[in-house]
Amino acid sequence: MSLITLRQALDAARAGGYGVGAFNVTDMTQVEAVLEAARETRSPVIVQTLSGSSAHGSDELFWDLMLRTTERYADVPTVLHLDHGPDFETCRRAIAAGFTSVMIDGSLDPVTHRPATFEANIEITRSVVDIAHPAGVSVEGELGTIGGSETGEEHKEIILADPDEAEEFVRRTDVDALAVAIGTSHGAYKFSSPPDGSVLHMDLITEIARRVPDTHLVMHGSSSLPADLRAVINANGGTLPESWGVPESEKARSTQLGIRKINQGMDSHMAFTAAVRQQLGQDGITVDPAPYTRFGRVAMQQMVAERMHVFGQAGHAADFTVNA
Ligand code: 13P
């Protein structure tokens, strides 16, 4: 068994001065793509998924398949992580399913999808830590709000994380990792021009890392939105708007400033979808989904492997003792 907790993965990343990619998956071919990329690059990895996001019929079915698949990758130190748990019950279900890490996103009110109060955020985050830690499961919380769609609802507002609040939040919740809003947003539409310091507040990372030295910082909305992949998607029937994401160089730099977990969903999914659309465009006859899905899986594996080198986790599977 190669499962490790988020705390274990990120403690080692801090000691080694690297970042670990947390790749969003929504079906089993993507789980395979991420784990194969980790094996190929000898990386520890965080495989993460949002409740209700998968192509499978239920969370529990998908989560169980994910868990079992990690047994075939005994050489890959793997964190199974729930991304943006919207409430206590979803986090409880992920822990019961065998996840080694959960995120409770208390930054948004689950009913109104408006920013929650600081006290409400602390209360729900603490309640999840209280069940997770005794079960040996790590917890990620969130401070500030990250723009884009975190919950399926459109939410454009970005409220930057506050260093004073970060210190108090960590002290009162005991989270292992903290998602800090520094100006990034989720999804396929991020910035209308290449982002500079007025958009991406990299200085906040340094300050918050200094204030909460034992808690690992997480960058959400880290996809770069590669223009070449958008061009392939749009040449094959897609209608993605022009947009800029977080440059690769800034992601690499963030790991030197104190970011340890780097969340990537869109880039992986763009790689998958570009390959599938291209294949479908070239082959009007085949109706079996397997051949074109295979192209998607391989393209996603290549993308994830490239990112593992950028984040610095490549070669660091050796930091962990797992059953090879
Ligand atoms: P992207 O939407 O930039 O891929 O970020 C994913 C993410 O932060 C998931 O929590």
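One-based numbering, in listed order, for ligands and for the atoms of each.
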Heavy-atom side-chain contact between Y292 and Q278 under 4.5 Å: no
Residue part near ligand 1, for A22, under 4.0 Å between non-hydrogen atoms: neither
For Q264, the ligand 1 atoms whose distance to one of its heavy atoms is below 4.0 Å: 4 (O)
Using heavy-atom distances, let me know which of Q48, K190, H220 sits nearest atom 1 (P) of ligand 1. K190
Should the pair R68-E71 be classified as a salt bridge under the 4.0 Å nitrogen-to-oxygen rule? no
Between R211 and D164, is the closest basic N to carboxylate O distance under 4.0 Å? yes
Option of least heavy-atom distance to atom 9 (C) of ligand 1 (set: I262, D83, D105): D83
Give a yes or no on whether the backbone of Y73 and the side-chain of S2 come within a donor-acceptor separation of less than 3.5 Å. yes
Can F118 be reached from M103 by stepping across I, L, V, M, F, W or Y side chains whose heavy atoms are under 4.5 Å apart? no
NZ/NE/NH1/NH2 to OD/OE distance under 4.0 Å, R93 and D87: no
Taking the side chain as everything from C-beta on, heavy atoms only, tell me whether H316 gets closer than 4.5 Å to M308. no
Note: ligand 1 atoms sitting under 4.0 Å from heavy atoms of S223 are 1 (P), 3 (O), 4 (O)
Are K251 and S224 linked by a side-chain donor-acceptor pair shorter than 3.5 Å? yes
Please could you name the atoms of ligand 1 that N24 approaches to less than 4.0 Å, counting only its heavy atoms? 6 (C), 9 (C)
Got the closest protein heavy atom to atom 2 (O) of ligand 1, with its distance? G187 N, 2.8 Å
Closest protein heavy atom (residue, atom, distance) for atom 6 (C) of ligand 1: G265 N, 3.6 Å
In the protein, what heavy atom is nearest to atom 8 (O) of ligand 1, and what distance, to one decimal place, separates them? G221 N, 2.7 Å
The atoms of ligand 1 lying under 4.0 Å from a heavy atom of H84, numbered in the order shown, are 10 (O)
Heavy-atom nearest neighbour in the protein, as seen from atom 7 (C) of ligand 1, with distance rounded to 0.1 Å: H186 CD2, 3.2 Å
